[in-house]
Amino acid sequence: MVDYTKNEARAWARQHWQGAIAVTIPSYTPDFAGINENAIRHDIHKLRELGFSGTLLVAEVAISPEENARVTAVAREAAGPDFQLFFHAAFNTLEENIAALRLAEKAGADSVLLSYPTAFWPTTLEEVYDYTKALADSTPLGVMLFGLPAWGFERIDNAGMPVRWVRHVLDTIPNIVAVKAEQGNPGIPGVMEMYHHFRDEVVISCPIEGETIPLMSVLDFQFSGTSNTNWMSDYFPKAFSLARSGRFEEAMELWWQVAPARAANTAILTGSAIGTTVINRTGWKYQEWLAGFNGGALRAPAPRIPDRLMKQARAALVASGLPVTDLPDSEFVKGRIKA
């Protein structure tokens, strides 16, 4: 249970949401019938070792609300109390998300990343507001609003989540504590606009590391999440900390060092996202396996990652001077840690 009320949620987030936040994708037993709890523990310990302050427990895969709650409980036990665990509101309906969130709360989640189901097809921003409020009202936890073109809200308003709408959300939903600002992605219009208007009220997150570090020369970010930066080992927590402490030149030295990995990440993700708006979670799982996380195949139906992109990701880590496993790619689907 969290130790803040809804009316205290923004102050709590301002105090506790600090640093770089990663992602954790579920790992399964060899027969895919259950969760590989040992692998979840391994991945959480690895994140702490690398300097991350928390993680999103990805639910946008073939996982039940009950299994998601078990992943949350295992992650909380492994992480300890001072590590942020984000519930991913990415289940099929509002009702299922609310039920899954209640289970995750009891299991140790302390924050929420808002998402919108593929079957949600609003035709007005009022409908988007109603969904957002219903989800937020169902929980005492701090909720991060997520402006993302993948939702398709640009058919209603060119900005997807325009300033006037976000203003109404913040005025009427007290436990909206942050904005993950990707409106207008690719590009920075969303994060710049949200920062300009709302930085003194809620936490503004730019989750895209390639933009975050350069922007910190002029913007005062305290938090960045959630994204798959953990495949680049400790680079992002280190660079983020340097930029926050005024050592921007050193942060940018690291930023340029990992440019090959950044380019490979774009190549791996862009092909699957264009036309589908769906992230290739297998690609993310493979990327982090290269860096020492468990890896392992995902439950069907799941995307694949072509051999040519595997080679590109591996070579990019080498070119960036980042840790990379010497195990053959055939070991990825098995996972590193036995159930």
Side-chain angles (χ1 to χ4, degrees), residues 14 17-23 47 50-56 84 113 144-150 159-161 163 166 178-270 273-274 279 284 287-288 291 312-313 316-323:
R14 185 75 71 180
W17 287 19
Q18 304 281 342
I21 308 297
V23 296
L47 289 176
L50 294 175
F52 286 91
S53 301
T55 193
L56 170 71
Q84 299 302 310
L113 175 63
M144 181 155 62
L145 188 67
F146 191 3
L148 183 68
M161 290 183 175
V163 168
V166 176
V179 180
K180 184 179 181 183
E182 294 188 47
Q183 299 98 314
N185 189 56
I188 61 171
V191 70
M192 297 301 290
E193 190 172 49
M194 293 297 102
Y195 187 90
H196 174 78
H197 288 281
F198 306 121
R199 67 184 182 274
D200 294 330
E201 299 176 59
V202 294
V203 174
I204 304 300
S205 172
C206 179
I208 301 168
E209 63 79 24
E211 296 170 358
T212 300
I213 301 303
L215 284 174
M216 289 176 78
S217 65
V218 291
L219 305 184
D220 184 19
F221 291 137
Q222 69 174 59
F223 168 95
S224 178
T226 55
S227 195
N228 69 326
T229 52
N230 41 309
W231 88 287
M232 293 187 281
S233 293
D234 67 350
Y235 146 70
F236 190 51
K238 186 182 297 183
F240 191 85
S241 178
L242 287 169
R244 282 198 73 194
S245 62
R247 297 162 68 182
F248 177 72
E249 293 81 3
E250 294 174 67
M252 283 303 297
E253 286 182 13
L254 293 177
W255 190 94
W256 285 112
Q257 176 188 323
V258 304
R262 183 177 303 111
N265 189 58
T266 300
I268 290 165
L269 298 180
T270 300
I274 292 177
I279 293 172
W284 282 22
Q287 287 174 292
E288 64 180 34
Q312 186 172 356
L317 288 180
V318 173
S320 298
L322 294 171

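In this structure, Ser53 contributes its side chain and Gln18 its backbone to a donor-acceptor pair below 3.5 Å. Judged by distance alone, with hydrogens and angles left aside, the side-chain atoms of Lys180 form no donor-acceptor pair with the main-chain N or O of Gly225 at under 3.5 Å. With Gln287 contributing its side chain and Ala313 its backbone, the two residues share no donor-acceptor pair below 3.5 Å. Side-chain N or O atoms of Ser320 include one that pairs as donor or acceptor with a backbone N or O of Ala261 at under 3.5 Å. Here the side chain of Ser241 pairs no donor or acceptor atom with the backbone of Pro237 at under 3.5 angstrom. Between the side chain of Glu250 and the main chain of Gly246, no donor-acceptor pair closer than 3.5 Å is present.
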TODO: Take Tyr235 and Gln257 through the side chain to side chain donor-acceptor pair (under 3.5 Å) test and state the conclusion after the steps.
DONE: CA-CA 10 Å; Tyr235 146 70; Gln257 176 188 323; over 6 Å; no
Open item on the list: Using the rule given for side-chain contact (heavy atoms from CB on, under 4.5 Å), can you reason through His197 versus Val166, listing the C-alpha separation, both sets of side-chain angles and the distance that settles it, and then say yes or no?
Closed with: CA-CA 10 Å; His197 288 281; Val166 176; over 6 Å; no
Open item on the list: The test is side-chain contact (heavy atoms from CB on, under 4.5 Å); show your working for Leu242 and Phe248 and say whether it passes.
Closed with: CA-CA 6 Å; Leu242 287 169; Phe248 177 72; over 6 Å; no
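By the 4.5 Å heavy-atom criterion applied to side chains, Val179 and Met144 are not counted as neighbours. Contact check for Gln183 versus Leu148: no side-chain heavy atoms found under the 4.5 Å cut-off. Here the side chains of Ile21 and Phe223 are in contact, with some heavy-atom distance below 4.5 Å.
Distance check: Tyr195 OH to Ser205 OG gives 13.0 Å after rounding to the nearest 0.5 Å. Atom CZ of Phe221 is separated from atom CD1 of Ile204 by 8.5 Å, given to the nearest 0.5 angstrom. Atom CZ of Phe52 sits about 9.5 Å away from atom OG of Ser224, to the nearest 0.5 Å. Considering OG1 of Thr229 and CG of Asn265, their distance stands at 9.5 Å, rounded to 0.5 Å. Put simply, NZ on Lys238 and CG on Leu254 are 6.5 Å apart, with the number rounded to the nearest 0.5 Å. Rounding to the nearest 0.5 Å places CD1 of Ile188 at 8.0 Å from CG of Leu219.
Within the structure, the salt bridge (Lys or Arg N to Asp or Glu O under 4.0 Å) test picks out the following pairs touching residues 182-205 (sequence neighbours left out): Arg167-Glu201.
Applying the side chain to side chain donor-acceptor pair (under 3.5 Å) test to Glu288 and every residue at least two apart in sequence or in another chain returns Asn230.
Relative to the six-membered ring of Trp255, Arg262 meets both conditions, a distance below 6.0 Å and an angle of at most 45° to the axis.
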